[in-house]
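Because the structure is predicted, anything quoted here is derived from the model rather than measured. In what follows, chains are A, B, ... by sequence order, proteins preceding strands, each numbered from 1. These values consider heavy atoms only, across backbone and side chains, with no hydrogens, waters or symmetry-generated copies.
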2 protein chains.
Amino acid sequence: MNAETAEHIRQVATEMGYRTNPLARALPTGKTSLLAIIVADVTNPFFFELLRGADDTATKAGYTLLVADVQESVEAERQALDRVLPMVEGVVLATSRMSDSSIRVAAKQRPTVVLNRSMSDIASVATDNARGMRRAVEHLGALGHTSITYVAGPDASWANGIRWQALREACHELGLRARRIGPFSPTQAGGLSAAGELAATPSTAVIAYNDLLAIGLMRGLQSLGIRIPDDVSIVGFDNIFGADFCTPQLTTVAAPLRQLGAVAVQTLLDDLRGTPRVPRTSPGGPLKTALLPARLVIRASTGPSHPTNDWPNGGRPAADEGDED
Amino acid sequence: MNAETAEHIRQVATEMGYRTNPLARALPTGKTSLLAIIVADVTNPFFFELLRGADDTATKAGYTLLVADVQESVEAERQALDRVLPMVEGVVLATSRMSDSSIRVAAKQRPTVVLNRSMSDIASVATDNARGMRRAVEHLGALGHTSITYVAGPDASWANGIRWQALREACHELGLRARRIGPFSPTQAGGLSAAGELAATPSTAVIAYNDLLAIGLMRGLQSLGIRIPDDVSIVGFDNIFGADFCTPQLTTVAAPLRQLGAVAVQTLLDDLRGTPRVPRTSPGGPLKTALLPARLVIRASTGPSHPTNDWPNGGRPAADEGDED
DNA sequence: TTGAAAGCGCTAACAA
DNA sequence: TTGTTAGCGCTTTCAA
C-alpha cells in the first residue's frame with residue numbers, strides 16, 4: 001500500500017471515531033504513557049506549583065500524570081505505590097516518608113526519582129537548602145541579630161535535618177548563636193503550638209522549617225501580643241501560596257516549586273528513553289541528582305534587631321536549651 | 001481443589017511476589033480501577049481540599065484517582081479528556097470550561113459527574129450558592145449596609161452567573177441595592193485591578209466572586225489607603241486555604257470543599273455499580289444532582305456600615321503606591 | 001514490501 | 001465442580 005492511501009485510511013478511521021486503545025497497546029508493550037507522583041499531602045500548598053510543573057512537562061511529553069495523595073501516612077504511601085506501580089512507567093516520590101530501603105524496592109520495579117531527598121543510588125531532585133539557609137542567616141545577621149532560633153519540623157523529614165544542619169554551619173561561620181526548638185508538625189497548628197514554646201524562651205530571630213509553620217507561628221505570636229518584626233523577625237521556607245498575603249508578608253527562602261516538579265518528571269522521561277528495560281540497579285546508570293537554586297525573598301516579617309528587646313511578658317531570659325542534634 | 005489448598009496457593013503466590021496484572025485484567029473487562037478528575041487549575045487553592053475528598057473516597061473504594069490539570073484552557077481540557085477517557089471508568093469534571101455539548105459527548109463514553117455546574121442530563125454536585133449568597137447578604141444587611149457591589153468573576157463561569165443572580169434576588173427581598181462590576185479574573189491579580197475600579201465608585205459593602213479575588217481586592221484597596229472593614233466590608237466565596245490568615249481575616253461563604261470532592265466521586269462509584277455497561281444516555285437513569293450546603297464564616301473583613309463614609313482622596317483612585325513583591 | 005500468526009496476562013464462556 | 005478454550009486489541013516476529 002502506498003503511503004498516500006495509508007494516510008487516507010488513517011484519516012478516515014479518525015473521522016469515524018476510531019482511537020487506538022491504550023490498554024491494548026500497553027498490554028504487550030508495557031507502555032502505558034502513565035507516570036505517577038506520590039505526594040504526602042495534596043492539601044499542603046507546597047505541592048500546588050510543583051504539581052503544575054510536573055503535570056505540565058508530563059503532558060507535553062505525551063504522558064498522563066497520576067497524582068496520589070497519601071495523607072502523610074507511610075502505610076497509605078506503600079499501598080498507593082503497590083497499586084500504582086504496575087500501571088505506570090515511572091514514579092516520582094515527592095517528600096516520601098518511607099525508608100530508603102522501601103524506596104529502593106520500588107525503584108527496582110520502575111524508574112523512580114525522589115524529590116527533596118537525597119539517595120546515593122536513586123535519581124533525585126531537591127532544592128539547594130544549604131545555600132538558601134545560608135542566605136537567610138546572612139540576611140538576619142546583616143539586620144543585627146546575634147542569635148537565631150530554628151523552629152524544627154518533623155524529625156522524619158530529610159529537609160528538616162538538612163536545614164537545621166545548614167543553619168548551624170552558617171551561624172558558626174558568621175559568629176551567630178543557633179538554637180533549636182521542636183519538632184513541630186509542619187502545619188499552621190504546629191506553628192501555633194511553637195508560638196507558646198517560643199514565647200517562653202524569647203529570641204529576636206527565628207527561622208522556621210517551612211512557611212506553613214512560620215505562618216502559624218506568626219499568628220500565635222501575634223495573639224500573644226508579640227509584634228513582628230519589631231519583637232521577632234521570622235523567616236520561612238518554600239514561598240508557598242499565601243506567603244505574600246499573610247501579615248506581615250513573610251520573608252522566606254523560595255523553593256523553585258514549579259521547576260522542582262518539572263525537573264523531576266523530566267528526569268524520569270530521560271530515564272525512560274535512555275535505558276529502556278534496563279533495571280535501574282545497573283551501576284553506572286544515568287543517575288542524575290539535580291540541586292535547584294533557592295532564592296531569598298525578603299518581605300515584611302524580618303527587620304532590624306532591637307537590642308533592648310522587651311517582650312510583653314517581660315521576656316524571661318532564654319536558657320539555651322535543646323541544642324541537641 | 002478444596003478451598004484450603006486454593007488459599008494456600010494464593011498465599012504462596014503472593015509471597016513469591018506475584019501480583020495480578022491490572023492491565024491484563026483491564027483489557028478484557030474494561031475495569032481499570034481508574035477514575036479521573038479534571039481540574040481547571042491545580043494551583044487554585046479551591047481544589048486542594050476538594051482533591052483530598054475525591055482521592056480519599058476513590059482510594060477507599062479501591063480506585064485510583066487520576067488528576068489532570070488543564071490550566072484553564074478549553075483546548076487542554078479536551079485533550080486531557082481524550083487521553084484519559086479510554087483508560088478510566090468514570091470522570092469528574094471540576095469547574096469545566098467546556099460547552100454543555102462537549103461535556104455530553106464525554107458523558108456518552110464514560111459515566112461523568114460535573115462539579116459546580118448544573119446540567120439537566122448529567123449528574124452534578126454543586127454548592128448551594130443561592131443560600132450561601134443569601135446568608136452573606138443578610139449578614140451585610142444586618143450590619144447596616146444598604147447597597148452591595150458584586151465583584152464579578154469570569155463570564156464563562158457558571159457559578160459566577162448563579163452568584164450574581166442570587167445576590168440580586170436577595171438584595172431585592174431585603175430592600176438593598178445591588179451593583180456589579182467586572183468581570184475580573186478570579187485571581188489575586190484580578191482583585192488588584194478590581195480595587196482600582198472599585199475605588200472610583202465607592203461602596204460600603206462588596207461581595208466578591210471568590211476568595212482569591214477578594215484577597216487581591218483587599219490588598220489593592222489597602223494599598224490605596226482604604227481600610228477594611230472600616231471603609232468597606234468584604235465578603236468572599238469558598239473559604240479557601242489562606243482566607244483565615246490574610247489581613248483582615250476574610251468573611252466568606254464556605255463551600256464544603258472536601259465533601260464536594262467526596263460526593264462527586266461517590267456519585268460516580270454508585271453509577272458504576274448501579275448501571276454496569278448501560279450507557280448513561282438511557283433516560284430515567286440514576287441521575288443525582290447533589291446540592292451541598294454552604295455556610296457563612298464571619299471573620300474580620302466585614303463590619304458595621306459607616307453612613308458618613310469618607311474614602312481617602314474623596315473616593316477617587318489614589319496614585320498606585322506600588323505593591324511590593 | 002506485505003501478510004499471517006503468535007502472544008501479552010488475564011477473564012469468561014464453554015465442555016467435560 | 002474442574003478443566004479447556006477463545007478471545008480482549010494491540011505489537012512484533014517471521015514467512016511469503
Side-chain angles (χ1 to χ4, degrees), chain A residues 1-36 61-64 66 79 81-91 105-106 108-111 269 271-280, chain B residues 1-36 61-64 66 79 81-91 105-106 108-111 269 271-280:
Chain A
M1 192 196 305
N2 70 55
E4 203 174 307
T5 38
E7 186 43 45
H8 181 240
I9 288 179
R10 223 173 296 278
Q11 186 184 324
V12 172
T14 306
E15 278 167 11
M16 290 175 61
Y18 170 84
R19 312 272 121 123
T20 146
N21 177 337
L23 258 59
R25 186 206 300 272
L27 187 47
T29 60
K31 181 159 178 22
T32 56
S33 293
L34 244 35
L35 258 29
Y63 279 77
T64 299
L66 207 155
Q79 287 180 352
L81 259 178
D82 276 353
R83 175 189 315 232
V84 130
L85 266 184
M87 353 199 5
V88 303
E89 294 182 46
V91 56
V105 344
K108 215 144 276 178
Q109 305 185 52
R110 290 285 184 277
L269 292 171
D271 199 340
L272 288 175
R273 284 198 236 279
T275 58
R277 318 257 174 173
V278 174
R280 302 222 62 277
Chain B
M1 191 198 306
N2 70 56
E4 203 174 306
T5 38
E7 185 43 46
H8 182 238
I9 289 179
R10 224 174 295 280
Q11 187 185 322
V12 172
T14 306
E15 279 168 9
M16 289 176 60
Y18 170 83
R19 311 272 121 122
T20 146
N21 177 338
L23 259 57
R25 187 208 300 274
L27 188 47
T29 60
K31 180 159 177 25
T32 56
S33 293
L34 244 33
L35 258 30
Y63 279 78
T64 299
L66 208 157
Q79 287 180 353
L81 260 179
D82 276 353
R83 174 185 317 222
V84 129
L85 266 184
M87 356 203 353
V88 303
E89 294 182 46
V91 57
V105 344
K108 215 144 275 176
Q109 306 185 52
R110 290 285 184 279
L269 292 171
D271 199 339
L272 288 175
R273 284 198 236 278
T275 59
R277 318 258 174 171
V278 174
R280 302 223 61 278

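Rounding to whole angstrom units, CZ of residue B/Arg19 and C1' of C/dG9 are separated by 16 Å. Here the P atom of nucleotide C/dT11 and the CG atom of A/Leu23 are 13 Å apart, to the nearest Å.
Nearest approach of B/Ala36 to B/Val88, heavy atoms of both residues: CB-CG1, 3.9 Å. For A/Pro111 against A/Asp271, the heavy-atom pair with the smallest separation is CB-OD2, 3.9 Å.
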Q) Reading DNA chain C 5' to 3', what string of ( ), [ ], | and . shows its pairs, if Watson-Crick and G-U wobble pairs count only when both distances fall under 3.5 Å? A) ||||||||||||||.|

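Atom CG in A/Leu35 sits 9.0 Å away from atom OG1 in A/Thr64 (nearest 0.5 Å). A distance of 12.5 Å separates OG1 in A/Thr5 from CD in A/Gln11, rounded to the nearest 0.5 Å.
A donor-acceptor pair is defined here as one N or O able to donate and one able to accept, closer than 3.5 Å; no such pair exists between the side chain of A/Arg19 and the backbone of B/Pro86. In terms of modelled atom types and a separation under 3.5 Å, the side chain of A/Arg25 and the main chain of A/Gly30 share no donor-acceptor contact.
The pair B/Glu89-B/Arg110 does not count as a salt bridge, with every side-chain nitrogen at least 4.0 angstrom from each carboxylate oxygen.
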Contact list (N/O, under 3.5 angstrom) for nucleotides 3-8 of chain D vs protein:
residue: D/dC8; atom: O2; partner: B/Pro28; partner atom: N; Å: 3.4

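Under the 4.5 Å side-chain criterion, counting only non-hydrogen atoms from C-beta, A/Leu272 is in contact with A/Tyr63.
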